[in-house]
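Report on one structure; see the data block that follows.
Remember, it's a predicted structure, so these values are computed and weren't measured experimentally. A note on names: the letters A, B, ... follow the listed sequences, proteins ahead of strands, and every chain is numbered from 1.
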Amino acid sequence: MIVESPAKARKIASYLGSNFVVESSRGHIRDLPSGAADVPAKYKGQPWARLGVDVDNDFEPLYLVTPDKKATVTELKDALKEVDELYLATDGDREGEAIAWHLMETLKPKVPVRRMVFHEITESAIQSAAANPRELDRDLVDAQETRRILDRLYGYEVSPVLWKKVMPKLSAGRVQSVATRIVVERERERIKFVPAEYWDISATMDAGPDAEPRRFGARLVSVDGAKLATGRDFGPDGRLKNDDVRLLNEAEARRLATGLTDARLSVSSVEEKPYTRKPYAPFMTSTLQQEASRKLRFSADRTMRTAQRLYENGYITYMRTDSTTLSETAITAARNQARDLYGDEYLSPQPRQYNRKVKNAQEAHEAIRPAGESFRTPGQVAAELDTDGYKLYELIWQRTIASQMADAKGTTLSVRITGTSADGEECTFAASGRTITFAGFLKAYVEAVDSEAGGVADDAESRLPRLAQYQAVTAPELSPDGHSTNPPPRYTEASLVKALEELGIGRPSTYASIISTVQDRGYVWKKGSALVPSWVAFAVVGLMEKHFGRLVDYDFTAALEDELDRIAEGRQQRTKWLSGFYFGGEVGPDDSIGRAGGLKKLVGSSVEEIDAREVNSIPMFTDDDGRTVYVRVGRYGPYLERPLSDSESQRANLPDDLPPDELDIQIAEKLFATPMEGRSLGTDPETGHEVLAKEGRFGPYVTEVLPEGSKGKPRTGSLLKSMSLDTVTIDDALKLLALPRVVGTDPESGTEITAQNGRFGPYLKRGSDSRSLDTEEQIFTVTLEEALKLYAQPKQRGRRAAAAPLRELGDDPDSGKPLVIKDGRFGPYVTDGETNASLRKGDSVEELTIDRAVELIAERRAKAPAKKKTASKSKSTASKSTSSKTTASKSSSSKSSSSNGSKTTKSGTTRKRTTSSSKQS
DNA sequence: CAGTGAGCGAGCTTCCGCTTGACTT
């Protein structure tokens, strides 16, 4: 029998006895290649190798055994030799069915194969599943394959658009892009939000010496029959949503409070209602993550790591589940324990089963609960667990027990107190109370509430005295109270997971990794527990909404799931649907992507149409002179920009840790007024100018601050390799600022020879003729004589003094040319003297065989003609989009970021620099 | 976002969902 998890295999083995060998696949064993580099030589040259899916041939996927699963597959194959029947007992959901199919394809079993499914790990469930095997469900596998291919096409087609238009290494995907969008949308709401102020009166009432409690709090809720405005009466624009409420300002509130001081107050109404609260459903992954976040302050990742350990060691059931169902044995165990601990009275009269359906739930597992047929109390396991494990176990145990307990009961009381102010206004106060008469399940477990959302815990009580209608009360304290409305709170890990789950996006096994993906890509950062979107996220989400709107719709996954269901039911063809999605055309009920002409066309036209400058400019607000202030996302981080004239604009760095919704015009003006920061090194004794050390586009450098109004540009100089920003001194800086150094005059031409540091290192310059120097030190020491000697030699071309090869491989068996591995700008490569081919990901300098070298060179040679084509193509795109876009703005900076062409060039420059410096070290 | 003078062999980045162990410190 093969199951998915080793822990599950051990458990099942104990039920099945020695006639069975139970092994595990440890999840999926095969997948699409992660990139062209992983594609076997046979398919290397294929146009679809990058995708791993042959889109032109029925979207035929190329599956490879995942590298880390090779050992598992070998084990399984070996085990298969010893058995006479194979049970594929992977999970009963879409992914589980696919794993079973991949196992069939990979293991090619010669013995009879049966597919069996169980939803809980109990002896009876397994026995009955084994007795009722079924066939592999090819339609369900098709649905999984469609999901996999769609995710690949989406991710691997859209991400490159972001690399070209925003920044390299960014990513887009069905799940992460929507997750990012959710966080960005919330920040946009917060930016737009206009707070409103409103006032009321909070009062302490006195019901007389016999009342218990004698004093209680109440709040003014209406004046002359008009309801007072409270927070929820305001829209996000700070205006009242409707006019039938009365808005009190501070002066009015104070006047009323004074006017009510000696007023006669009496109870105008008393309303009592029973209060009932049902227990919460047992945990599934999302609710566990939310509660562990609220109660234990665990991140989603920490919760899952802790739960994994508890699961592996047999303390809890499986922790990646979207089901709240408890097995019969679990219900019995929970009921027994509830009875033992709290007594019969606290037990729910009937066993409770929770069937809350989560969108797109697959329900292959039970709820998360203590393992076993009778639960161990937290006290019993405390000694065996670490702190985190104990806390999480206790949470799961309490929630499970509580789920079988009785409803909590009580009463809520709602009281109105009315009086007339000195000015003749009729004022009504409200007080509410809640008493819990029977705690029921609340005795075992109370769900935490989000403090930011202002919720009230289910067991919170507020007591009011017994009051009768028309009873007179006094108000010893009346204080005017000012409030202001708050923007919607930022998402936390837990609330984002909840939002995703409600949209049916992501799976229990991926919630925690979604959070890390959006952080790793730089889309979201954490401020305390709040998730704050980056400016890059604004740019990317803006691009996606404008050009790939359907793909970031909140219901895109839901629509996809409907289609996958149709495929799983055999009512829709996998290929037909994928073809509609990718190439356009009819795709079924949800063909909004098809109508747009399909993903492939959309990506193609996006690359032409999207204006990178526009995408990366986020208009924020207008300054006092009516100019728009933009946040622009550059390659060196976000900055502020506003136009000053047609050709000039003002810029300022944005601090990394400033949340977007805190950027307002005041902060912007302050940043514009602050010069780009840098460390002051002191003053130049000759000029009196302050000297700064700064981090710039081309790395660390020093510069001087010119006095206000002085003309000319400040002198600058890059730090030498031997210097660093932290340690550079004023003396070093003065030396650098004094460059270029005049070495002397060439006696022949009468031209000055200077020494300086440049993009490619130290060099000499004589007119337009240059020579590289070997060391930076030489800039300061080289003599005229030595310089002339260098000029006497022809300019060095290419690699200076051809570095020795890293390794000699011997001669090519076919051509007889010697093959050597050399180190180059882009890392090690193998060459036969004519064709150069980089070593690939899996290759190493030490272990490269001559056969592999020949293969690499042959591949490179096969591609060679394509090189010129690509180069000229990218050039033409660049000039095209540049000329068409920069007519209005002439600044050079706008040119440099307005097209993908120039971006590529720039990034090439940067990388060169990195490579050359790493070579030096 | 500081502004300077070569010449040259490109390839990779990226998706989602299923699951642990093999590493090092």
Side-chain angles (χ1 to χ4, degrees), chain A residues 4-7 24-29 31-32 34-37 50-51 66 68-69 71-72 90-91 93-96 98-99 102 144 147-160 162-163 167-177 308 312 320 506-510 513-514 517 521 632 634-637 639 641 651-653 676 694-699 701-703 713-718 740 756-761 763-765 768-772 795-799 822 824-827 829-831 834-838 840-841 860 863 867 870 893 908 912:
Chain A
E4 287 178 41
S5 142
S24 62
S25 74
R26 297 178 173 83
H28 275 291
I29 54 160
D31 192 15
L32 302 174
S34 70
R50 188 179 63 83
L51 296 171
T66 327
D68 62 328
K69 288 297 160 50
T72 303
T90 50
D91 295 349
D93 56 9
R94 205 159 59 206
E95 298 294 330
I99 293 174
H102 281 293
Q144 190 276 344
R147 197 278 308 153
R148 179 70 191 92
I149 293 171
L150 171 121
D151 283 333
R152 170 54 62 92
L153 295 175
Y154 183 151
Y156 275 37
E157 290 288 17
V158 180
S159 298
L162 302 182
W163 305 341
M167 238 188 233
K169 294 196 175 181
L170 294 179
S171 62
R174 175 175 57 83
V175 171
Q176 60 168 287
S177 294
Q308 174 85 27
E312 281 171 8
R320 291 183 278 260
R507 306 278 311 128
S509 63
T510 60
S513 61
I514 295 166
T517 301
R521 296 285 168 271
R632 299 202 49 204
R635 296 201 307 111
Y636 314 102
Y639 58 97
E641 188 176 59
R651 298 192 178 122
N653 274 329
M676 305 267 184
K694 294 165 89 170
E695 181 70 40
R697 214 157 33 126
F698 310 115
Y701 69 105
V702 291
T703 186
K713 287 187 173 175
R715 294 171 296 161
T716 61
S718 281
Q756 59 249 280
N757 209 4
R759 186 150 62 117
F760 309 111
Y763 69 104
L764 292 171
K765 184 171 159 159
S768 62
D769 194 12
S770 70
R771 290 290 184 280
S772 283
K795 210 170 199 173
Q796 293 276 355
R797 299 258 159 191
R799 243 181 324 276
K822 292 184 174 181
R825 224 165 14 119
F826 308 116
Y829 64 99
V830 57
T831 178
E834 266 179 43
T835 307
N836 305 318
S838 282
R840 301 291 174 77
K841 243 182 173 176
R860 176 71 198 112
K863 275 198 196 166
K867 187 185 137 202
T870 350
S893 70
K912 260 179 229 165

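In this pair, Y154(A) does not lay its aromatic ring on the base of dC15(B); centres under 5.5 Å and planes under 30 degrees do not both hold.
Whole-Å rounding puts the Y763(A) OH to dG3(B) C1' distance at 10 Å.
E4(A) pairs by the side chain to side chain donor-acceptor pair (under 3.5 Å) definition with nothing, not counting sequence neighbours. Every side chain to side chain donor-acceptor pair (under 3.5 Å) that S171(A) has, sequence neighbours left out, goes to Q176(A), R521(A). With sequence neighbours left out, T66(A) forms a side-chain contact (heavy atoms from CB on, under 4.5 Å) with D31(A), D68(A), K69(A). Judged as a side-chain contact (heavy atoms from CB on, under 4.5 Å), and not counting sequence neighbours, the contacts of A837(A) are V830(A), L856(A), I857(A), R860(A).
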Under 3.5 Å, which protein N or O atoms sit close to an N or O of nucleotides 16-18 of chain B? Give each pair with its distance.
| residue | atom | partner | partner atom | Å |
| --- | --- | --- | --- | --- |
| dC16(B) | OP1 | V175(A) | N | 3.0 |
| dC16(B) | OP1 | Q176(A) | N | 2.9 |
| dC16(B) | OP2 | Q176(A) | NE2 | 3.2 |
| dC16(B) | O4' | D151(A) | OD2 | 3.3 |
| dC16(B) | O3' | R174(A) | NH2 | 3.0 |
| dC16(B) | O2 | R147(A) | NH1 | 2.9 |
| dG17(B) | OP1 | R174(A) | NH2 | 3.0 |
| dG17(B) | OP2 | T510(A) | OG1 | 3.2 |
| dG17(B) | O4' | R147(A) | NH2 | 3.4 |
| dC18(B) | OP1 | R507(A) | NE | 3.4 |
| dC18(B) | OP2 | S509(A) | OG | 2.7 |
| dC18(B) | O5' | S509(A) | OG | 3.4 |
| dC18(B) | O3' | E4(A) | OE1 | 3.2 |
| dC18(B) | O2 | H28(A) | N | 2.5 |

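The residue T716(A) sits close to a base: some heavy atom pair falls under 4.0 Å. Note on P714(A): nothing from the nucleic acid sits closer than 4.0 angstrom, heavy atoms only. Among the heavy atoms of the strands lying under 4.0 Å from S159(A) is at least one base atom, whether or not backbone atoms are also near.
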Its dot-bracket string being built from Watson-Crick and G-U pairs below 3.5 Å, with | for another strand and [ ] for crossing, DNA chain B has the pattern .........................
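The two residues G27(A) and S25(A) have their closest heavy-atom pair at O-OG, 2.7 Å.
Counting only heavy atoms from C-beta on, A37(A) has its side chain closest to dC12(B) among dA2(B), dT14(B), dC12(B).
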